Visitor: 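Structure below; questions to follow.
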Protein chains: 2
Amino acid sequence: MENEELVLKFMKNTELCSECIIDKIIQGNALEVLEKTPAETFDLVFMDPPYFLQLPPKKLKRWNVKTEVDAVDDKWDKFASFEDYDEYMRDLLFKTKKVMKENATIWVISTYHSIFRIGKIMQDLGFWILNDVLWLKTNPMPNWLGVRFTNATETLIWATKDKNAKKYTFKRELAKTFGVGSIGANVWEIPICGGKERLKDAEGNKLHSTQKPVELLRRIILTSSNEGGLVLDPVAGSGTTGYVAKALKRHFTMIEMNEKYVKGIQDRFKKPLTQFK
Amino acid sequence: MENEELVLKFMKNTELCSECIIDKIIQGNALEVLEKTPAETFDLVFMDPPYFLQLPPKKLKRWNVKTEVDAVDDKWDKFASFEDYDEYMRDLLFKTKKVMKENATIWVISTYHSIFRIGKIMQDLGFWILNDVLWLKTNPMPNWLGVRFTNATETLIWATKDKNAKKYTFKRELAKTFGVGSIGANVWEIPICGGKERLKDAEGNKLHSTQKPVELLRRIILTSSNEGGLVLDPVAGSGTTGYVAKALKRHFTMIEMNEKYVKGIQDRFKKPLTQFK
DNA sequence: CAAAGTCCTGAATCATATG
DNA sequence: ACATATGATTCAGGACTTT
């Protein structure tokens, strides 16, 4: 059974071999798993860390319906302070850098809540930023109180391990078709993940509060990796990265600590893969 | 002559009064000028700091703190490192924060080269980010080399002095008309500054390498200030901020060290103001 | 079955007044 | 300071219900 072998439970203080992590979901703490992963292993990294949203304790009520906004209140997004968040992100990025091949690139996504801290830490660690790519949501949640602009974007930082890593993968012809305006701009219009694509748990609630759309990962993987390459997602969540990587004939390694999410990813892989042209 | 009184040459160790800085270009070092400016004076700040583009080592730039004496020779100089840049930006933002009124907001613009560092510093200083607003250039530099995405955006951070500053100015109906789509999104499509709008020096070269478009400032000033309010630009450059503020019936204070730019701003104000609806 | 109408929701740092 | 009540603001898209 393919899915019985999909998950690899990480045992503390056990070294991981280069072969056994291919096309696997490693259930464990990313900081510990990465430390036991061979250096310079991956061709591409996609990282979707906690954003540290700092939402108010009270839920926002809608005025015309009786529902509340089901905002992100997951434990994994809570940090005591910016300092704690910085420390976590620095550790995660540092360990991720070590397992990247010399010419690998990394994509990190967040919003204004934390993307500035992330970018600063990346620069301090020696990553060389190639672009900031803006995900422009076609259907964001409006700011109906009208006290700020509707936050319709998330920011992706795309970077190499360091300034001198020149021979990274970039599929220029494809990349040109993704951005607005057909000039290969750093702005991608993509709807948020919903409908049938959105994974549900046994109770019919959304499996993961921040599932990333397949189309976002499709563009990332197609522009910055080759067929047969190995893609890492150290904070896998709902597993979009591995799911799309497989559909696009790349190999993947995903790390996820939460057992519920790991099971959700297993279920996701049991269904037929989305077919891309 | 109005233009003879437009410029106020800053004298070191001299306190500035609240009245004498209204509708003035203060010629001097921003860090020194701000220190001698009364606290809680301004309703709105627009800041367009050096971007620290990190050109090859021999062309590294550094913003040098100049004295009165060598101010004549002032020009862009090197930043030796990220640390130097951070220190400069932290100082500039800290001093700017002190001269902002309690309910004032600040806009800071940069690109991926330094916007992450700036945002991190702002958060550390207690600024509360309301939005990141993306300026999407409709006619970006054709920098398509096929090795990265065309960089078609600059990022604006819009923030209050702190988390509890609720009663800031936001013209919601106007704001809705600016963003792409119909929901007041945080993405503004604006062409880069060129044509007749672009200021030239005596030799016919562009006066300033990063002159900001009038339309950008129009949107900022209209959405986040009231008529009669006082707008600060501590790094004035070509003076778009004060120029647009005046045209929109706001007062302004601009600080600029470089004499060539100050003269350029004076010339700019001699011409009839652009008329806005 | 098709078309039209209703309801729900999405990484949200979304207000103000009174006690 | 915190808790609670009041108020009259939002949009695209998918799922569901009704005609």
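Quick caveat, the model's predicted, so the values are computed rather than measured. We use all heavy atoms of the structure for the numbers below, so side chains are in, but hydrogens, waters and symmetry mates are not.
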Visitor: Residues in side chain to side chain donor-acceptor pair (under 3.5 Å) with B:Lys137, at least two apart?
Guide: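 In terms of side chain to side chain donor-acceptor pair (under 3.5 Å), with neighbours along the sequence ignored, B:Lys137 is linked to B:Glu154.
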
Visitor: What pairs with B:Ser182 under side chain to side chain contact (heavy atoms under 4.5 Å, CB included), at least two apart in sequence or on another chain?
Guide: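 B:Ser182 satisfies side chain to side chain contact (heavy atoms under 4.5 Å, CB included) with no other residue.
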
Visitor: Taking side chain to side chain donor-acceptor pair (under 3.5 Å) as the test, write out the residues that go with A:Thr169, two or more places apart.
Guide: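 A:Asn226.
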
Visitor: Distance check needed: C:dG10 C1' versus A:Asp77 CG, whole Å only.
Guide: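 Computing the A:Asp77:CG to C:dG10:C1' distance gives 16 Å.
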
Visitor: Determine, for A:Asp48 against A:Lys212, whether the closest basic-nitrogen to carboxylate-oxygen distance falls under 4.0 angstrom.
Guide: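 Result for this pair is yes, salt bridge flagged.
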
Visitor: Take atom P in D:dT4 and the same atom in C:dA12, then report the distance between them in whole Å.
Guide: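 It works out to 25 Å between them.
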
Visitor: Using the aromatic ring of A:Tyr51 (for Trp, its six-membered ring), decide whether it stacks on the base of C:dA11 within the limits of 5.5 Å and 30°.
Guide: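 According to the criterion (under 5.5 Å, under 30°), yes, A:Tyr51 stacks.
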
Visitor: Could you tell me whether A:Pro49 contacts a base, only the sugar-phosphate backbone, or nothing, with contacts defined as non-hydrogen atoms closer than 4.0 Å?
Guide: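 The answer is base, as A:Pro49 lies within the cut-off (heavy atoms under 4.0 Å) of a base atom.
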
Visitor: Considering only the P atoms, how many Å lie between C:dG19 and D:dG7, rounded to the nearest integer?
Guide: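 About 14 Å, rounded to a whole number of Å.
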
Visitor: Ignoring backbone atoms, establish whether A:Arg62 has a side-chain N or O less than 4.0 Å from OP1 or OP2 of D:dC11.
Guide: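 So the side-chain polar atoms of A:Arg62 never come under 4.0 Å of the phosphate oxygens OP1 or OP2 of D:dC11.
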
Visitor: So, using side chain to side chain donor-acceptor pair (under 3.5 Å) as the criterion, who are the partners of A:Tyr243 when residues are at least two apart?
Guide: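 Applying side chain to side chain donor-acceptor pair (under 3.5 Å) to A:Tyr243 gives A:Thr274.
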
Visitor: Counting the atoms with a prime plus P, OP1 and OP2 as sugar-phosphate, which does A:Gly195 contact under 4.0 Å by heavy atoms, base, sugar-phosphate, or nothing?
Guide: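 If one applies the 4.0 Å heavy-atom cut-off, A:Gly195 turns out to touch the sugar-phosphate alone, with no base involved.
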
Visitor: Name the nucleic acid region contacted by B:Arg172, choosing base, sugar-phosphate or nothing; use a 4.0 angstrom heavy-atom cut-off, strictly under.
Guide: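 If one applies the 4.0 Å heavy-atom cut-off, B:Arg172 turns out to touch the sugar-phosphate alone, with no base involved.
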
Visitor: Can you check the A:Leu216 CG to C:dA11 C1' distance for me, whole Å?
Guide: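 Going from CG in A:Leu216 over to C1' in C:dA11 covers 13 Å.
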
Visitor: Going by the rule ring pair (Phe, Tyr, Trp, His ring centres under 6.0 Å), which residues pair with A:His208 if we only count those two or more places apart in sequence or in a different chain?
Guide: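 Applying ring pair (Phe, Tyr, Trp, His ring centres under 6.0 Å) to A:His208 gives A:Trp76, A:Tyr261.
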
Visitor: Which string of ( ) [ ] | and . matches DNA chain C, if you list each base 5' to 3' and count Watson-Crick or G-U pairs only when both distances are under 3.5 Å?
Guide: .|||||||||....|||||

Visitor: I need the CD1-C1' distance between A:Ile115 and C:dA11, as an integer number of Å.
Guide: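 It is 13 Å, rounded to the nearest whole Å.
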
Visitor: Residues in ring pair (Phe, Tyr, Trp, His ring centres under 6.0 Å) with A:Trp188, at least two apart?
Guide: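 Testing A:Trp188 for ring pair (Phe, Tyr, Trp, His ring centres under 6.0 Å), a comparison that skips the adjacent residues, returns A:Trp107, B:Phe149.
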
Visitor: What does A:Trp135 touch in the nucleic acid at a heavy-atom separation under 4.0 angstrom: a base, only the sugar-phosphate, or nothing?
Guide: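 No contact.
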
Visitor: Would you classify A:Thr111 as touching base, sugar-phosphate or nothing, given that sugar-phosphate means primed atoms plus P, OP1 and OP2, and contacts are heavy atoms under 4.0 Å?
Guide: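 Answer is nothing: A:Thr111 stays at 4.0 Å or more from every strand.
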
Visitor: If you pin A:Lys196 and A:Lys58 to their nearest nucleotides in DNA chain D, which one's is more 5'?
Guide: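 Looking at DNA chain D, the more 5' nearest nucleotide goes with A:Lys58.
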
Visitor: Using the side chain to side chain donor-acceptor pair (under 3.5 Å) criterion, which residues pair with A:Thr240? Sequence neighbours excluded.
Guide: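 Counting only residues at least two positions away or on another chain, A:Thr240 forms a side chain to side chain donor-acceptor pair (under 3.5 Å) with A:Arg268.
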
Visitor: Please encode protein proximity along nucleotides 13-19 of chain C as a string of B, S and -, counting only heavy-atom distances under 4.0 Å.
Guide: BBSS---

Visitor: Sticking with atom C1', work out how far C:dT13 lies from D:dG13, rounded to a whole angstrom.
Guide: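 Taking atom C1' in both C:dT13 and D:dG13, they lie 25 Å apart.
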
Visitor: Can you tell me how far P of C:dC8 sits from NZ of A:Lys61, to the nearest Å?
Guide: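 Value for this atom pair: 16 Å.
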
Visitor: Just to verify, what does A:Glu87 make a salt bridge (Lys or Arg N to Asp or Glu O under 4.0 Å) with, not counting sequence neighbours?
Guide: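 In terms of salt bridge (Lys or Arg N to Asp or Glu O under 4.0 Å), with neighbours along the sequence ignored, A:Glu87 is linked to no residue.
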
Visitor: Could you state the NZ-P distance from A:Lys137 to C:dG10, rounded to the nearest angstrom?
Guide: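 In whole Å, C:dG10 P lies 12 Å from A:Lys137 NZ.
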
Visitor: Could you state the atom-to-atom distance from CD of A:Glu197 to P of D:dA15 in whole Å?
Guide: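 Checked: the CD to P distance equals 11 Å.
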
Visitor: Nearest to the side chain of A:Thr67, which nucleotide is it out of D:dT9, C:dA11, C:dT9?
Guide: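 Per side-chain heavy atoms of A:Thr67, the pick is C:dT9.
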
Visitor: Can you tell me if A:Asn186 and B:Thr153 form a side-chain donor-acceptor pair at under 3.5 Å?
Guide: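 Short answer, yes.
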
Visitor: Please classify the glycosidic conformation of C:dT6 as syn (within 90° of 0) or anti (everything else).
Guide: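 Here C:dT6 takes the anti form, which means its glycosidic angle is more than 90° from 0.
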
Visitor: Is the A:Trp158-A:Phe46 ring centre distance short of 6.0 angstrom?
Guide: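 Not close enough - the centres of the two rings lie 6.0 Å or further apart.
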
Visitor: Could you check which residues of residues 173-183 of chain B get a heavy atom under 4.0 Å from DNA chain C? Sort them by number, please.
Guide: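 Within residues 173-183 of chain B, no residue comes under 4.0 Å of DNA chain C.
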
Visitor: Checking all strands, does A:Asp73 fall into the base, sugar-phosphate, or nothing category for heavy-atom contacts under 4.0 angstrom?
Guide: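 No contact.
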
Visitor: Do A:Lys206 and A:Asp70 pass the salt bridge (charged side-chain N to carboxylate O under 4.0 Å, His left out) test, and can you show the C-alpha distance, the side-chain angles, and the key distance before you say yes or no?
Guide: CA-CA 10 Å; A:Lys206 52 189 177 192; A:Asp70 184 18; 3.5 Å; yes

Visitor: Indicate, with a heavy-atom threshold strictly under 4.0 Å, whether A:Ser110 touches base, sugar-phosphate, or nothing.
Guide: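 Counting heavy atoms under 4.0 Å across all strands, no contact is made by A:Ser110.
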
Visitor: Given atom NZ of A:Lys206 and atom P of C:dA11, what is their separation to the nearest angstrom?
Guide: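 These atoms are roughly 6 Å apart.
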
Visitor: Output the rounded distance in Å from CG (A:Asn139) to P (D:dA15).
Guide: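 Whole-Å distance recorded here is 13 Å.
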
Visitor: Rounded to whole angstrom, note down the P distance from C:dC14 over to D:dT6.
Guide: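 About 22 Å, rounded to a whole number of Å.
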
Visitor: My understanding is that only residues two or more places apart in sequence, or in another chain, count here; which of them pass ring pair (Phe, Tyr, Trp, His ring centres under 6.0 Å) with A:Phe82?
Guide: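 Counting only residues at least two positions away or on another chain, A:Phe82 forms a ring pair (Phe, Tyr, Trp, His ring centres under 6.0 Å) with A:Phe52.
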
